[in-house]
Amino acid sequence: MTWAALHDAAAVVCALAGLPPEMRKPEIRNFPAIMRDTGGWRYDLAKQGVDDLASFMEPGLTALLAVSARGISPMPAAEALWHEFVSTRAALLALIPPLGIKRRA
């Protein structure tokens, strides 16, 4: 649930940055299930990484909305937050095991 909520928040950040909406690839949509099925150290790192992602997205989005409510353009800050989200998510997606590594049954 956190993963989906993070992507909903990221979509708002993306819009505030003036960027086109992102198409979510299957590995992004299926990441929680893949990590759950994989288990082990990859699952543990993924869980911590999602928590870390949430720890900066929540206050970041709150700040962007507050700035926007004051009539100030949040675009530069939103773009920075968007890029931070994308790079952190890419690091998490790198935890998906390569083909041939068996997942936990």
Side-chain angles (χ1 to χ4, degrees):
M1 290 185 348
T2 302
W3 186 252
L6 282 169
H7 281 83
D8 290 344
V12 174
V13 171
C14 187
L16 289 170
L19 300 170
E22 177 186 50
M23 297 293 292
R24 292 190 199 157
K25 298 177 182 175
E27 65 267 14
I28 293 172
R29 286 191 311 271
N30 299 328
F31 180 75
I34 293 169
M35 289 294 98
R36 184 187 62 242
D37 292 347
T38 300
W41 65 269
R42 290 176 192 267
Y43 174 79
D44 294 338
L45 282 177
K47 186 175 177 187
Q48 181 62 52
V50 170
D51 289 344
D52 292 347
L53 192 55
S55 74
F56 72 77
M57 283 298 289
E58 183 179 340
L61 179 56
T62 300
L64 291 174
L65 293 174
V67 165
S68 184
R70 291 187 187 119
I72 302 168
S73 173
M75 288 180 79
E79 188 172 346
L81 183 58
W82 171 252
H83 289 298
E84 187 66 26
F85 171 80
V86 169
S87 65
T88 302
R89 182 183 64 191
L92 289 172
L93 293 173
L95 291 171
I96 294 174
L99 294 175
I101 292 181
K102 294 194 184 239
R103 296 182 185 163
R104 203 172 49 162

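Small disclaimer: the values here were computed from a predicted structure and weren't measured.
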Subject >> Worked check of side chain to side chain contact (heavy atoms under 4.5 Å, CB included) between H7 and F85 >> reply: CA-CA 9 Å; H7 281 83; F85 171 80; 3.6 Å; yes

Subject >> Minimum side-chain heavy-atom gap I96-M35 below 4.5 Å >> reply: yes

Original post:
Taking all atoms of both residues into account, what is the closest heavy-atom pair of P98 and R42, and its distance?
Top reply: CD-NH2, 4.0 Å

Original post:
Which heavy-atom pair separates L95 from W41 by the least distance, and what is that distance?
Top reply: CD2-CZ3, 4.1 Å

Original post:
Is there a side-chain contact between T38 and Y43 (heavy atoms, below 4.5 Å)?
Top reply: no

Original post:
Hey, does I34 have a side-chain heavy atom less than 4.5 Å from the side chain of P97?
Top reply: yes

Original post:
At their closest point, which heavy atom of P59 faces which heavy atom of A54, and how far apart are they?
Top reply: CD-O, 4.1 Å

Original post:
Are L64 and V67 close enough that some pair of their side-chain heavy atoms sits under 4.5 Å apart?
Top reply: no

**OP:** Could I get the full list of side chain to side chain contact (heavy atoms under 4.5 Å, CB included) partners for P26, not counting sequence neighbours?
**Re:** R29, N30

Subject >> Side-chain heavy atoms of L16 within contact of W82, under 4.5 Å >> reply: no

Subject >> ILVMFWY cluster membership beyond M23 - transitive side-chain contacts under 4.5 angstrom >> reply: none

Original post:
Do you know which two heavy atoms are closest between A17 and A78, and how far apart they sit?
Top reply: N-CB, 3.5 Å

**OP:** Examine M57 and V86 and state if one hydrophobic cluster contains both, with Ile, Leu, Val, Met, Phe, Trp and Tyr joined whenever side-chain heavy atoms are less than 4.5 Å apart.
**Re:** yes

Original post:
Quick one: side-chain hydrogen bond (donor to acceptor under 3.5 Å, both in side chains) pairs with a partner in residues 49-62, sequence neighbours left out?
Top reply: Q48-D52

Original post:
Looking only at heavy atoms, which two atoms of W3 and I28 are closest? And how far apart?
Top reply: NE1-O, 2.7 Å

**OP:** Answer yes or no: is there a donor N or O on one side and an acceptor on the other, between the side chain of S87 and the main chain of E84, under 3.5 Å?
**Re:** yes

**OP:** Measure the CG-CZ distance between L53 and R89 for me, rounded to the nearest 0.5 Å.
**Re:** 9.0 Å

Subject >> Joint hydrophobic cluster, L61 plus I72, side-chain heavy atoms closer than 4.5 Å >> reply: no

